[in-house]
Amino acid sequence: MSEKLKTILSILIILLILPYMITYALQGNLLFEAEKGQFQKNVETEEETEVFVGILAGQISMDAPIEEIRAQAVLVRTEYMRRQASGEEQESSLSMEEMASLWGSQNLQMYYETAKSAVTDTEGEILTYEGAPIVTAFHKVSAGSTRAATRLNGEETPYLSSVICGMDITSPDYLSIRFFTKKEFSEALGLSQDADVTTWTEERDVSGYVTSICIQDQSFTGDEVRQLLELPSPCFYIKEVEDRMRVVVKGKGHGIGMSQYAAGKQADEGEKYEDILKYFFPGAELQKM
């Protein structure tokens, strides 16, 4: 074969493979990562993001520290995935109009961007226990410690143990007092008109929340009394004062899971959302879907 023909063939071969060489030079690293399963792509659709933003908007103030909001965003996504897997009805997601009503039109854009940022910054992240999404729980302010809940919604929840929230005592919602006439007290609990409401027995958990209370041979859980008397929390203390029933209440909310106020204080001290979630849900793992 003549040298001229060899040269022509070599040029043709180079022209044929040149596009592949250029492509590999520019994108080879990305292709390698994709082959190794490391190529990253969005794991949530825009529709899912909007749903999460709408749920998050109804659960936490957008004036809270961003790490607290991010922690709440993970709880929103976790609960969404748990309900999706179990076929339960999803939580309500606020529309743009509802968010404008909640925040005020002047704050809508700023607060919406804050909520969306918290969702996208934690994209795909959920809390799991033994590979499944956990049962999430949160409340405004604890009574100084959260409640342990071995079972919730019919599921075992060893990750919902009691943790100390010492800074919760600085919250304006930590302590509240309600007064009832004896008649109001009896009627609210469905007791007989001649019931002696000044005598009762009660049991509490290690965090101080009422687990059971018996008044005039009728038994209630602390959560039932909280609901019937419209109390902020099931951590309450009843006493007869000047012919009325005084109820001193600690905390706001059911007391299980993450205390939002305590989470905010942790965020103020520099804790990241991953650390906040690890503290309130010991044993649960933060995983990417």
Side-chain angles (χ1 to χ4, degrees), residues 59 68 71-72 75 78-79 82 127 129-130 134-180 185 188-191 197-241 245-266 275-284:
Q59 293 185 352
E68 178 192 351
Q72 191 70 36
L75 297 187
T78 301
E79 182 65 10
R82 187 194 69 79
L127 285 171
Y129 183 78
E130 296 183 344
I134 69 168
V135 179
T136 61
F138 63 93
H139 55 284
K140 294 293 183 183
V141 184
S142 79
S145 297
T146 64
R147 296 167 66 187
T150 55
R151 294 185 67 87
L152 196 64
N153 296 343
E155 297 184 29
E156 294 289 341
T157 55
Y159 45 82
L160 290 176
S161 55
S162 175
V163 299
I164 296 174
C165 303
M167 289 302 294
D168 275 353
I169 65 173
T170 65
S171 168
D173 292 320
Y174 173 72
L175 195 66
S176 57
I177 302 175
R178 295 281 308 276
F179 284 93
F180 301 86
F185 193 84
L189 296 178
L191 302 174
V197 295
T198 63
T199 304
W200 62 88
T201 58
E202 63 187 25
E203 293 183 1
R204 299 178 181 273
D205 63 17
V206 293
S207 300
Y209 292 89
V210 175
T211 55
S212 65
I213 184 169
C214 184
I215 306 174
Q216 193 68 23
D217 296 329
Q218 282 194 235
S219 297
F220 306 88
T221 66
D223 290 297
E224 288 172 339
V225 173
R226 174 200 173 197
Q227 182 178 14
L228 293 170
L229 295 181
E230 298 181 355
L231 304 176
S233 158
C235 181
F236 54 82
Y237 300 83
I238 304 172
K239 185 177 181 178
E240 181 187 11
V241 177
M245 305 306 294
R246 186 191 70 185
V247 185
V248 177
V249 187
K250 292 183 179 181
K252 186 174 183 178
H254 50 57
I256 302 172
M258 187 180 79
S259 163
Q260 291 181 325
Y261 186 85
K265 289 299 182 182
Q266 289 177 324
D275 301 317
I276 293 171
L277 293 170
K278 182 178 180 181
Y279 181 78
F280 283 104
F281 302 95

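- Scanning for side-chain hydrogen bond (donor to acceptor under 3.5 Å, both in side chains) contacts around Arg204 gives Glu202, with sequence neighbours left out.
- When side chains are defined from C-beta on, Val197 does not count as touching Phe180, because their heavy atoms never get closer than 4.5 Å.
- For Glu130, the salt bridge (charged side-chain N to carboxylate O under 4.0 Å, His left out) test picks out no residue, with sequence neighbours left out.
- The stretch residues 209-227 participates, sequence neighbours left out, in these salt bridge (charged side-chain N to carboxylate O under 4.0 Å, His left out) pairs: Arg147-Asp223.
- Residue Leu231 holds its CG atom at 8.0 Å from CD1 of Ile238, rounded to the nearest 0.5 Å.
- Shown here are the ring pair (Phe, Tyr, Trp, His ring centres under 6.0 Å) partners of Tyr129, two or more places apart in sequence or in another chain: Tyr159.
- Under the side-chain hydrogen bond (donor to acceptor under 3.5 Å, both in side chains) criterion, Thr198 pairs with Asp196, sequence neighbours left out.
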Would Phe281 and Leu160 count as a side chain to side chain contact (heavy atoms under 4.5 Å, CB included) here? Give the steps.
CA-CA 6 Å; Phe281 302 95; Leu160 290 176; 3.6 Å; yes

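- Interatomic distance, Ser142 OG to Lys250 NZ, rounded to the nearest 0.5 Å: 10.5 Å.
- One distance of note links NE2 of His254 with OG1 of Thr146; it measures 10.5 Å at 0.5 Å rounding.
- For residues 227-241, the set of pairs meeting the side chain to side chain donor-acceptor pair (under 3.5 Å) definition, not counting sequence neighbours, comprises Lys182-Glu240.
- Partners of Leu228 by side chain to side chain contact (heavy atoms under 4.5 Å, CB included), not counting sequence neighbours, listed by chain and number: Leu189, Phe220.
- A 4.5 Å side-chain heavy-atom check between Ile134 and Thr157 finds every atom pair outside the cut-off.
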Side-chain donor-acceptor distances from residues 256-266 under 3.5 Å, at least two apart:
from   : atom 1 : to     : atom 2 : distance (Å)
Ser259 : OG     : Asp168 : OD1    : 3.3
Ser259 : OG     : Asp168 : OD2    : 2.8
Ser259 : OG     : Ala262 : N      : 3.2
Gln260 : OE1    : Lys140 : NZ     : 3.4
Gln260 : NE2    : Gln59  : O      : 3.0
Gln260 : NE2    : Gln72  : OE1    : 3.0
Tyr261 : OH     : Thr170 : O      : 3.4
Tyr261 : OH     : Thr170 : OG1    : 2.8

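- With sequence neighbours left out, the side-chain hydrogen bond (donor to acceptor under 3.5 Å, both in side chains) criterion links Thr78 to no other residue.
- Taking Thr211 as the reference, Glu203, Asp205 meet the side chain to side chain contact (heavy atoms under 4.5 Å, CB included) condition, with sequence neighbours excluded.
- Annotation: the span from Leu75 atom CG to Leu277 atom CG amounts to 5.5 Å, rounded to 0.5 Å.
- Remark: Glu68 engages no residue in a side-chain hydrogen bond (donor to acceptor under 3.5 Å, both in side chains) (not counting sequence neighbours).
- Among residues two or more places apart in sequence or in another chain, the side chain to side chain contact (heavy atoms under 4.5 Å, CB included) test is passed with Ser145 by Ser162, Ile164, Ser207.
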